[in-house]
> 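One structure, as structure tokens, below. Some questions next.
Naming convention: chains lettered A, B, ... in sequence-line order (proteins, then strands); numbering from 1 in each chain. Note that the structure is a prediction, hence the values are computed from the model and not measured.
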There are 2 protein chains.
Amino acid sequence: MGLAKTEIFTDKQNEISQYAKVFGHPARVAILQYLFKLNACVCGDLVDEIGLAQPTISQHLKELKHLGLIKGNVEGTSVCYCIDVGNWTKMKKVMSEFLDQDLDKKECC
Amino acid sequence: MGLAKTEIFTDKQNEISQYAKVFGHPARVAILQYLFKLNACVCGDLVDEIGLAQPTISQHLKELKHLGLIKGNVEGTSVCYCIDVGNWTKMKKVMSEFLDQDLDKKECC
DNA sequence: CCCATTAATCGTAATATTGCAATTAATAAA
DNA sequence: TTTATTAATTGCAATATTACGATTAATGGG
């Protein structure tokens, strides 16, 4: 099939997995880390920084933008990307709630 | 292609994306949440709880086990699964480091 | 206007993922 | 030993993802 049966899961479960999915590729992780590191916006030197072709980077940026984790601003011929702090914070709350579950007496085997 | 060029990324970036990838499907999120909720081990009532066929659940469990996030214990004809607390903690550290980056002055657009 | 620069989009090939029916393996019960 | 129960494995179809070459916007400089 190749497609997840999202309708049988809760909105929260789908939300968590959507965020996780976008982090599920090292290129997108690298892009986000680079945007954080620069402390300022970056354009297409992501293509130089990461060793992937321009269309590939563009595609990854699109997915990050689609989830709202980054914003893009046109500056002349280039486009400046940066973290969307508000949405990043929202995402962190959702992911933390999932990751930080009570670990007391969970093992039995 | 369909395959990520993992060799051009750091070990950390690949580690983060691997963890994220396994959380990138609502069924696996649901399985983990259920294991947390029960406060004890579960066997194959995951098949009843989640609405997917037994082979499908089995496959998802395999992926979670492969990353070490859950453990399985054979008990008679059934297998009891539970969270691997130690590895879950390790994973949390890696993911938190990535998610909790400094958000000060990151936006430009 | 013409050309250079930059990034998005399109098309496509290779591979991965998801899901399940059918089967197999493993153990327990009778 | 036979049978029932449970879970893993196999095989396969449908779809998604990844990557990139080629092309297409879109803007700026001359």
Side-chain angles (χ1 to χ4, degrees), chain A residues 1-9 13-14 17-32 34-35 41-67 70-82 109, chain B residues 1-9 13-14 17-31 34-35 41-67 70-82 108-109:
Chain A
M1 308 262 150
L3 94 172
K5 287 185 148 185
T6 51
E7 69 280 3
I8 68 172
F9 300 104
Q13 286 162 348
N14 283 313
S17 65
Q18 258 180 6
Y19 280 134
K21 198 172 193 177
V22 93
F23 297 139
H25 193 289
R28 291 189 290 266
V29 170
I31 288 172
L32 291 166
Y34 194 63
L35 289 180
C41 284
V42 190
C43 333
D45 15 41
L46 283 163
V47 176
D48 301 324
E49 178 67 17
I50 303 167
L52 292 171
Q54 180 267 318
T56 309
I57 296 291
S58 199
Q59 202 174 313
H60 285 307
L61 286 169
K62 191 176 167 187
E63 287 174 67
L64 290 168
K65 205 161 51 173
H66 183 250
L67 269 198
I70 63 173
K71 295 194 279 190
N73 220 33
V74 178
E75 285 185 359
T77 61
S78 56
V79 178
C80 167
Y81 284 102
C82 63
C109 353
Chain B
M1 311 265 149
L3 94 172
K5 286 187 150 184
T6 52
E7 68 280 2
I8 68 173
F9 301 103
Q13 286 162 347
N14 283 313
S17 65
Q18 259 180 4
Y19 280 134
K21 198 172 193 177
V22 92
F23 297 139
H25 193 291
R28 292 189 289 264
V29 170
I31 288 172
Y34 193 63
L35 289 180
C41 283
V42 189
C43 333
D45 17 40
L46 283 163
V47 176
D48 301 326
E49 178 67 16
I50 303 166
L52 292 171
Q54 179 267 317
T56 308
I57 296 290
S58 197
Q59 200 174 314
H60 285 307
L61 286 169
K62 192 175 167 186
E63 288 175 67
L64 290 168
K65 205 160 52 171
H66 183 250
L67 269 198
I70 63 172
K71 294 194 279 190
N73 219 35
V74 179
E75 284 184 0
T77 62
S78 57
V79 178
C80 167
Y81 285 101
C82 63
C108 68
C109 355

> With a 4.5 Å cut-off on side-chain heavy atoms, are A:Tyr81 and A:Leu61 touching?
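Yes, close enough: below the 4.5 Å cut-off.
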> I want to check one thing: is the phosphate of C:dA8, taken as OP1 and OP2, less than 4.0 Å away from some side-chain N or O of A:Tyr81?
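So the side chain of A:Tyr81 is within the cut-off, an N or O lying under 4.0 Å from OP1 or OP2 of C:dA8.
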> Below the 4.0 Å mark, does D:dG28 have OP1 or OP2 next to a side-chain nitrogen or oxygen of A:Thr77?
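It does not, given that no N or O in the side chain of A:Thr77 lies less than 4.0 Å from OP1 or OP2 of D:dG28.
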> Toward the 5' end of DNA chain C, which comes first, A:Thr6 or A:Lys62, by nearest nucleotide?
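That would be A:Lys62.
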> Could you check whether any side-chain heavy atom of A:Phe9 comes within less than 4.5 Å of a side-chain heavy atom of B:Leu52, counting everything from C-beta outward?
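The answer is yes, as the side chains (C-beta and beyond) meet within the 4.5 Å cut-off.
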> Would you state whether a donor and an acceptor, one from the side chain of A:Gln54 and one from the base of C:dA8, lie under 3.5 Å apart?
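Checked by distance alone, the answer is yes.
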> Nearest whole Å is fine: how far is D:dA7 C1' from B:Asp45 CG?
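Checked: the CG to C1' distance equals 13 Å.
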> Whether A:His60 contacts D:dT17 is assessed here as follows: a side-chain N or O lying under 4.0 Å from the phosphate OP1 or OP2. Is that the case?
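Indeed not, no polar side-chain atom of A:His60 lies that close.
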> Between B:Ser58 and D:dA8, is there a side-chain N or O to OP1/OP2 distance below 4.0 Å?
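It does, given that an N or O in the side chain of B:Ser58 lies less than 4.0 Å from OP1 or OP2 of D:dA8.
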> Just compare C:dA14, C:dA21, C:dT6 and give me whichever is closest to any side-chain atom of B:Met1.
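Of the options given, the side chain of B:Met1 lies nearest C:dA14.
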> Please report the distance, rounded to the nearest Å, between CG in A:Leu61 and P in D:dT18.
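So the two atoms are 13 Å apart, to the nearest Å.
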> Measure from the side-chain heavy atoms of B:Pro55 and tell me the nearest of C:dG19, C:dA22, C:dT6.
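Of the options given, the side chain of B:Pro55 lies nearest C:dA22.
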> Would you say A:Ile70 and A:Leu32 make side-chain contact, with heavy atoms under 4.5 Å?
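With C-beta onward as the side chain, the pair touches.
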> Give the rounded distance in Å between these two atoms: CZ of A:Arg28 and P of D:dA19.
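About 9 Å, once rounded to whole Å.
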> Mapping A:Ile57 and B:Ala27 to their closest nucleotides on DNA chain C, which lands nearer the 5' end?
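Nearest-nucleotide comparison on DNA chain C picks A:Ile57.
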> Are A:Lys21 and D:dA16 close enough that a side-chain N or O sits under 4.0 Å from OP1 or OP2?
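A:Lys21 to D:dA16 OP1/OP2: no side-chain N or O under 4.0 Å.
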> Could you tell me how far apart A:Leu52 (CG) and D:dG21 (C1') are, to the nearest whole angstrom?
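After rounding, the gap between these two atoms is 15 Å.
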> Counting side-chain heavy atoms from C-beta on, which of D:dT6, C:dC20, C:dA8 comes nearest to A:Val79?
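Selected nucleotide (nearest to the side chain): C:dA8.
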> Look at B:His25 and C:dG19 and indicate whether a side-chain polar atom (N or O) is within less than 4.0 Å of OP1 or OP2.
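Yes, because at least one side-chain N or O of B:His25 sits under 4.0 Å from OP1 or OP2 of C:dG19.
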